[in-house]
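These numbers were taken from a predicted model, which means no experiment stands behind them. One is the number of the first residue; the rest follow in order along the sequence. Both ligands and their constituent atoms are indexed starting at 1 by order of listing.
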Amino acid sequence: MLRCGRFTFPLDRPLIMGVVNVTPDSFSDGGRLQDARQAIDHALMLAEQGADILDVGGESTRPGAAPVSIEEELQRVLPVIEALAARGLAVSADTRKPRVMKAAIEAGAVMVNDVMALREPGAIEAVAQSDAAACLMHMQGEPQTMQAAPHYANVLAEVSGFLAQRIAACAAAGIRQNRLVIDPGFGFGKTLAHNLVLLKNLDRLAELGVPVLAGMSRKSMLGALTGKPVDQREYAGIAAHLAAVARGARIVRVHDVAAMKDALQVWEAVEGAQEE
Ligand code: HH2
């Protein structure tokens with residue numbers, strides 16, 4: 001079970017988190033969702049297609065992306081979060097900034113999705129003082145340079161150890177485990193080989209006792225495997241996310257919600273099959 005503010009997700013089926021970028025420099029939606037109205041319409045379409053959670057982000061974390069000021073990020077995301085929350089939708093705020101986390105929660109977000117796993121000073125407190133959930137993601141290095149030379153002695157052990165530490169830090173700050181989600185952070189300071197080892201062994205992360213989220217949608221690992229550009233990675237993404245769900249992921253973070261929903265409906269039917 002996952003508690004997110006006024007929502008409780010039983011997690012008896014995999015959930016879909018739909019990506020809503022309000023970032024003019026985002027690698028996949030660049031320039032298309034700049035305006036709040038467009039982002040809201042896009043999010044409503046994703047909800048209609050079966051997204052359980054809408055992940056609203058105002059700062060791109062792609063390798064080499066420029067940082068965004070707090071004011072700019074707030075201006076981008078708050079109107080979108082408010083409008084979606086007012087419609088009764090479960091909204092997650094994709095941010096690393098404690099001030100944005102607080103404002104997003106006040107505006108109705110029920111989850112903070114942080115690629116820094118709440119390591120910024122004040123971030124754990126921002127979540128602890130609310131009833132919002134948090135997604136703790138692993139990243140090696142900083143977005144600007146993380147893909148320069150990712151290195152691990154044992155990627156699975158290091159990612160798992162880091163996530164266990166962050167779960168413990170949250171527990172010490174009073175955030176109960178049923179408000180937490182963990183994420184290996186595909187593509188965040190990882191080579192293709194690192195990403196594949198993490199995906200293959202995702203069930204080992206699930207052993208930490210917190211639901212696992214997997215986000216590979218449109219990422220370069222899929223481009224490396226298929227040779228396809230970013231706008232043609234939908235099928236590869238479906239395969240990758242189904243592989244993750246088969247290894248225990250309970251939430252998938254995707255841009256193409258309709259396709260993922262179809263795939264999960266088939267997957268769930270197979271999992272639940274019984275002879276009459
Ligand atoms: N990936 C991106 C952003 N946020 N959050 C979690 N928990 N897990 C991820 O894998 C993850 C994330 C990057 O993807 P995208 O939103 O498509 O790109 P951008 O950062 O350019 O908006």
- Message: Within the 4.5 Å heavy-atom criterion, are L192 and L196 side-chain neighbours or not?
- Response: yes

- Item | Modelled atom types, side-chain donor and acceptor of E73 and T95, under 3.5 Å | yes

- Considering the heavy atoms of C135, write down every atom of ligand 1 situated less than 4.0 Å from one of them. 7 (N)

- Message: Under a 4.0 angstrom heavy-atom cut-off, which atoms of ligand 1 come close to S60?
- Response: 19 (P), 20 (O), 21 (O)

- Message: Can you confirm, on distance only, whether ligand 1 has an N/O atom lying under 3.5 Å from any N/O atom belonging to D94?
- Response: yes

- Task: Name the option, out of K219, R218, R253, H255, that contains the heavy atom nearest to atom 12 (C) of ligand 1.
- Result: R253

- Message: Please list, in number order, the atoms of ligand 1 under 4.0 Å from a heavy atom of M137.
- Response: 6 (C), 8 (N), 9 (C)

- Message: Does the plane of the ring in H138 sit parallel, tilted or perpendicular to the ring in Y152? Use 30° and 60° as the thresholds.
- Response: tilted

- Task: Keeping the roles fixed (side chain from S160, backbone from A157), state whether a donor-acceptor pair exists under 3.5 Å.
- Result: no

- Sub-4.0 Å atoms of ligand 1 with respect to non-hydrogen atoms of D183: 6 (C), 7 (N), 8 (N), 9 (C), 10 (O)

- Item | Per-residue contact class, N21 against ligand 1 - non-hydrogen pairs under 4.0 Å | side chain

- Query: Do the side chains of V257 and E48 get nearer than 4.5 Å, heavy atoms only?
  - Reply: no

- Report yes if some N/O of G215 lies less than 3.5 Å from some N/O of ligand 1; otherwise report no. yes

- Task: Among R76, R99, K97, find the one that has a salt bridge (Lys or Arg N to Asp or Glu O under 4.0 Å) with E71.
- Result: R99

